[in-house]
2 protein chains.
Amino acid sequence: MTATDGTVGKALDVLEKVAERDRPVRFSDLLAESELPKATLYRLLQTLTNQGMLRHDAETGAYSLGVRLVRLAHRAWSTASLAPLARPHLDALARQTGQTIHLAQLDTAQVLYVDKRSAETPVEMFSQAGKIGPAYCTGVGKTMLAFLPVDQQDRLIQQQSFHAFTDQTLDTPERLRAELVAIAARGHGYDREEHEPGIICVAVPILSAGGRVLGGLSVTGHKDHVALATLEGHLPALKTTARAIAEDAADWAFPERGSEAVMTRREEDTCRESG
Amino acid sequence: MTATDGTVGKALDVLEKVAERDRPVRFSDLLAESELPKATLYRLLQTLTNQGMLRHDAETGAYSLGVRLVRLAHRAWSTASLAPLARPHLDALARQTGQTIHLAQLDTAQVLYVDKRSAETPVEMFSQAGKIGPAYCTGVGKTMLAFLPVDQQDRLIQQQSFHAFTDQTLDTPERLRAELVAIAARGHGYDREEHEPGIICVAVPILSAGGRVLGGLSVTGHKDHVALATLEGHLPALKTTARAIAEDAADWAFPERGSEAVMTRREEDTCRESG
DNA sequence: AACCAAGTTTCAATAAATGAAACTAAATGC
DNA sequence: GCATTTAGTTTCATTTATTGAAACTTGGTT
């Protein structure tokens, strides 16, 4: 992370810098906030552009993320995330609970939402999946942290920003740590308006047979519409769903493990009914 | 592409190799199909894993794509693709035509679908957007190629595989080139079951004010359900939509261009109503 | 016309990637 | 139970690519 990981690390840092912006960035903007010398940055940008990871607008001279990323991520999402595999389970859970469901995984120290079901509005995947949130003040985030091995947990706690989004936010490592112990003991976590006023949730971890944290699952609602107790009522369903996802994930995890019938997940990546 | 672009290029090649697989890959599998020497590949994999671009399963020792890609791609999709900006236009077009709509961009020599609307089934973004298709035998692909500057066009034609998906497929550079000339003259392209039996479409390019190809837009249907003539009837609507998308894209293209009111696109990347 | 800013190229010094081979660990065969 | 193969990891002298200061080019400004 801090160790630059050679040239590749630097290149990915540059990519990240471009990704942080909401708009195309010019060379000099990047140069200003980058440690790298002019010529180095220049060539990294060229390489990344060459590779399709960045796009360089000839007219304006500005760089933006390249579409190759979208293709790679589609693969990542469909082969490495829990989302495609969890889809039927999430559908069922959403129907059963009538509430908003989140499926998340850890991306470094942050929560990455890989899927979402909401009762009312239909799913809008790409605009929802791929979003990130803080780990220390969301239901799924805290719950995933709680079930991590101590060394990893410690490392990630150090990386949290502890910004107080609301007056409920656990804004110190100590408060968070106490909460994580409680979550681990209890088996599930809460969000009591710690990230956003009014928003509450109940979250459970998705654990592999070996106890490794695969992801997190939550039912979310607004306290004006649903009581925390009601959400807690969905705990059995949540836990059943989490277990079902973990089982499917185990089947998928490695070739020649489960004999056959695992290929259900495959989803043609080349677009049919093309246009 | 062939010129390895230094270490960064090699690393991205490795990433791509992992992405090609539907399942986690072991070190030796990658080694077998890679030109790279053992030690080099090994360290590249380490670096990429370190950086969160790959995930390494400690138990099985297999590599899969990392979730960091999903986050990056969400940014790429929402800041660099036409999709978020085109969304309202696509919605309107889908409603108006009652047919399946595709929005695509070029990713190297391939067509990358960044959004899709279908009349019946509701949208499933991530599972649709991000898919790729061949450029030489899809409506949007051929149409985008047709409006490219000759040098780029030539380069991309050379990169096509010319596999004959159907007996309608234009399976030589010559046939494709003739078709591209016709499309450029006519202003729009067709897919006459060239990629998939029964599937037909009419496609138009999305061009910037300067004539640069930003993307492609198509109405698609099955010949048993809709006649090509009917799809052609939607051409005015298609063209209007393409122009509208291009105009919105121009406003967005660069900072301090259009004074204000451009910020409509911004879409909080941090997930609210979190869970 | 002179100036300035942004971006691009050069080239010797330097740091990093390389890859052959040695090593370790675990699985498989005898 | 010991030898052998297979898969993955580490080492280190060699080679190669990256580096970065500075010079240069381009396009816009006063």
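Quick note on labels: first sequence line is chain A, next is B, and so on, each numbered from 1. Because the structure is a prediction, the values reported are computed rather than measured.
- A close approach under 4.0 Å does not occur between any side-chain nitrogen or oxygen of T40(B) and OP1 or OP2 of dA17(C).
- Salt-bridge formation is detected for the pair R68(B)/E16(A): a Lys NZ or Arg NE/NH1/NH2 atom is positioned less than 4.0 Å from an Asp or Glu carboxylate oxygen.
- The CD atom of E35(B) sits 15 Å away from the C1' atom of dT18(C) (whole-angstrom rounding).
- The side chain of Y42(A) contributes an N or O atom lying less than 4.0 Å from OP1 or OP2 of dT9(C).
- Rounded to an integer number of Å, the gap from CG of L36(B) to P of dA17(D) is 14 Å.
- Between the CZ atom of F27(B) and the P atom of dT6(D) there is a distance of 16 Å, given to the nearest Å.
- The listed nucleotides are dT10(C), dG7(C), dT18(C); the one nearest the side chain of K38(A) is dG7(C).
- For dT6(D), neither phosphate oxygen OP1 nor OP2 lies less than 4.0 angstrom from any side-chain nitrogen or oxygen of S28(B).
- For the pair T7(A) and dA17(C), the criterion of a side-chain N or O lying under 4.0 Å from OP1 or OP2 is met.
- There is no side-chain donor-acceptor pair under 3.5 Å between D115(B) and H102(B).
- Between L48(B) atom CG and dA17(C) atom P the separation is 12 Å, expressed in whole Å.
- The side chain of P37(B) sits closest to dG19(C) out of dT9(C), dG19(C), dT18(C).
- The environment of E35(B) atom CD is sparse: at most 12 non-hydrogen atoms of other residues, nucleotides or ligands sit within 6.0 angstrom.
- Closest to the side chain of A39(B), out of dG20(D), dT11(D), dT9(C), is dT11(D).
- For the pair R26(A) CZ and dT26(D) C1', the interatomic distance rounds to 16 Å; values are reported in whole Å.
- Each of R43(B) and D29(B) was matched to the nucleotide of DNA chain D holding its nearest heavy atom; the match closer to the 5' end belongs to D29(B).
- For the pair L15(A) and L54(A), the minimum side-chain heavy-atom distance is below 4.5 Å.
- Rounded to whole Å, the distance from CG on L44(A) to P on dA17(D) is 16 Å.
- Atom CG of L45(A) is separated from atom C1' of dA6(C) by 14 Å (rounded to the nearest Å).
- Per the geometry, CD belonging to Q46(B) stands 7 Å off P belonging to dT9(D), to the nearest Å.
- Counting only heavy atoms from C-beta outward, the side chains of L45(A) and H56(A) never approach each other to under 4.5 Å.
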